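We number each residue from 1, following the sequence as shown. The structure displayed is predicted, hence computed values, not measured ones.
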Amino acid sequence: MFESLAGGAAQAASGVTVKVLGSPDLGSTTTRADGTYEIAVNGGGRVTLDYSKAGSLGAQRAATVKWKDILRVEDVQLSSHDGPTTTVTPGSATPKLALGRAIGAGEDSAGARQAAIYVPSGTTSSNLAAASWSVNLTEYTVGANGPRRMPGPLPLTSGYTYAFAASIAEATGVGRVEFNQPLYFYVENFAGFPVGADAPMGSYDRARGEWVPEKSGRVVKVLSVRAPAGGGAN
């Protein structure tokens with residue numbers, strides 16, 4: 001078990017809470033100074049281990065455990081919130097662009113990129129009562145340890161490409177925030193997909209411990225940029 005701090009190297013993480021998703025009767029344990037732990041589970045099937053620590057994004061991993069067996073599960077690296085925080089005022093007449101940390105071309109072989117969420121004017125939430133939202137975007141899939149930082153194991157039909165966490169600090173304990181209209185996510189076409197191709201998307205449901213299919217995105221090419229009031233692109 002490892003924890004990755006923003007701007008720092010991976011290190012063994014103590015004090016990470018480990019429990020079995022959906023089985024509160026099994027209790028929990030915490031990692032030692034070297035990041036290791038043991039936890040007793042019910043054998044004979046598949047279990048999902050849930051890892052959490054204050055200040056981190058958390059993670060989950062599935063494992064198939066045989067009866068009366070000891071299993072060593074894969075190492076996990078917990079990510080901290082990374083990059084700038086964007087303040088969004090609900091219901092504002094002015095749209096807002098929330099940006100994640102710009103990933104440099106030298107950080108991995110995927111190329112330069114930056115997560116962005118466009119929040120249209122008049123955006124509100126039906127289940128988040130806060131005067132402002134502190135929005136943070138953190139990419140999991142950076143560098144060689146990206147697979148270890150993923151929030152959960154990918155479905156067999158999905159390839160490892162790109163994943164990020166979008167969080168609102170004021171939404172602690174709320175779970176999934178519901179908005180009155182769509183918010184739009186953008187990232188550079190660093191993978192070089194053909195223009196016009198669908199971009200399959202999904203979200204990770206921590207309560208269920210699985211990925212949920214979402215409406216596909218689209219690969220687009222910006223042909224020109226205009227600058228009327230508020231700016232824009234064609």
Exercise for the section: Starting from the C-alpha separation in whole Å, work towards a yes-or-no answer on side-chain contact (heavy atoms from CB on, under 4.5 Å) for Arg61 and Thr48. Expected result: CA-CA 6 Å; Arg61 291 294 184 271; Thr48 297; over 6 Å; no
Problem - Heavy-atom donor-acceptor pair, Asn127 side chain to Glu178 backbone, under 3.5 Å - result: yes
Exercise for the section: Give me the ring orientation class for Trp211 and Tyr204: parallel if the planes are under 30° apart, tilted from 30 to 60°, perpendicular past 60°. Expected result: perpendicular
Problem - Close side-chain approach of Asp198 to Phe193, heavy-atom, < 4.5 Å - result: no
Problem - Same cluster (ILVMFWY, side-chain, under 4.5 Å), Met150 and Val187 - result: no
Problem - Spacing of OG1 belonging to Thr30 relative to CD1 belonging to Ile39, to within rounding of 0.5 Å - result: 10.0 Å
Exercise for the section: Please confirm whether the backbone N or O of Gly122 pairs with a side-chain atom of Asn180, one donor and one acceptor, at under 3.5 Å? Expected result: yes
Problem - Partners meeting salt bridge (charged side-chain N to carboxylate O under 4.0 Å, His left out) with Arg176 (sequence neighbours left out) - result: Glu214
Fill in the blank from the handout: Scanning both residues in full, the closest heavy-atom pair of Gly100 with Pro84 reads C-CD, 3.9 Å
Handout entry: Donor-acceptor under 3.5 Å (Ser56 side chain, Lys53 main chain)
Key = yes
Exercise for the section: Could you list all the side chain to side chain donor-acceptor pair (under 3.5 Å) pairs where at least one residue sits in residues 106-121, not counting sequence neighbours? Expected result: Arg101-Glu107, Asp108-Arg113, Arg113-Glu139
Fill in the blank from the handout: Between Gly35 and Ala12 the two heavy atoms that sit nearest each other are N-CB, 4.1 Å
Problem - Backbone of Gln77 reached by a side-chain donor or acceptor of Arg148 within 3.5 Å - result: no
Completion exercise
Separation between CG (Asn189) and NZ (Lys221), nearest 0.5 Å, reads 11.0 Å
Practice task
Give a yes or no answer on whether the side chain of Thr87 reaches the backbone of Ser134 with a donor-acceptor pair at less than 3.5 Å.
Solution key: no
Completion exercise
Closest heavy-atom pair, Gly83 versus Asn136, reported as atoms and distance to 0.1 Å, is O-ND2, 3.5 Å
Donor-acceptor contacts under 3.5 Å from residues 15-29 side chains, at least two apart:
none

Exercise for the section: Check whether the side chains of Gln60 and Asp50 place a donor and an acceptor atom closer than 3.5 Å, and report yes or no. Expected result: yes
Handout entry: Validation row: Tyr184, Pro120 side chains within 4.5 angstrom (heavy atoms)
Key = yes
Problem - Distance (rounded to the nearest 0.5 Å) between Thr86 OG1 and Leu137 CG - result: 7.0 Å
Practice task
Kindly give the heavy-atom pair with the smallest separation between Asp75 and Arg72, and that separation in Å.
Solution key: OD1-NH2, 3.5 Å
Practice task
Report whether Met201 and Val177 are members of the same hydrophobic cluster (ILVMFWY, side-chain heavy atoms less than 4.5 Å apart, transitive linking).
Solution key: yes
Exercise for the section: Examine Val174 and Ile168 and state if one hydrophobic cluster contains both, with Ile, Leu, Val, Met, Phe, Trp and Tyr joined whenever side-chain heavy atoms are less than 4.5 Å apart. Expected result: yes
Practice task
Answer with yes or no whether the hydrophobic clustering places Leu154 together with Leu57; edges join I, L, V, M, F, W, Y residues whose side-chain heavy atoms lie under 4.5 Å apart.
Solution key: yes
Problem - Interatomic distance, Leu49 atom CG to Glu74 atom CD [nearest 0.5 angstrom] - result: 10.0 Å
Exercise for the section: Give the C-alpha distance, both sets of side-chain angles, the deciding distance and a yes or no for side-chain contact (heavy atoms from CB on, under 4.5 Å) between Trp133 and Ser125. Expected result: CA-CA 10 Å; Trp133 303 334; Ser125 171; 3.8 Å; yes
Practice task
Starting from the C-alpha separation in whole Å, work towards a yes-or-no answer on side-chain contact (heavy atoms from CB on, under 4.5 Å) for Val119 and Leu97.
Solution key: CA-CA 6 Å; Val119 184; Leu97 187 65; over 6 Å; no
Practice task
Check salt bridge (charged side-chain N to carboxylate O under 4.0 Å, His left out) between Glu210 and all other residues, then give those that pass, not counting sequence neighbours.
Solution key: Arg208
Practice task
Find the distance between CZ (Phe164) and CZ (Phe185) and round it off to the nearest 0.5 Å.
Solution key: 4.0 Å
Practice task
Just do the side-chain contact (heavy atoms from CB on, under 4.5 Å) check on Tyr51 and Leu78 with the steps written out, would you?
Solution key: CA-CA 8 Å; Tyr51 306 97; Leu78 297 186; 4.2 Å; yes
Handout entry: Ser216 versus Pro200, closest heavy-atom pair with distance
Key = OG-CA, 3.7 Å
Exercise for the section: Check whether any side-chain N or O of Asp205 sits under 3.5 Å from a backbone N or O of Gly209 as a donor-acceptor pair, and report yes or no. Expected result: no
Practice task
Verify the cluster assignment for Leu128 and Val88: are they in a single hydrophobic cluster under the rule of side-chain heavy atoms below 4.5 Å apart?
Solution key: yes
Problem - With sequence neighbours excluded, residues passing side chain to side chain contact (heavy atoms under 4.5 Å, CB included) with Val220 - result: Arg218
Completion exercise
What one should report as the nearest heavy-atom pair of Ser132 and Pro90 is CA-CD, 3.8 Å
Handout entry: Straight-line distance of Ser80 OG to Arg149 CZ, nearest 0.5 Å
Key = 10.5 Å
Completion exercise
Residues passing the salt bridge (charged side-chain N to carboxylate O under 4.0 Å, His left out) test with Glu170, sequence neighbours excluded, are none
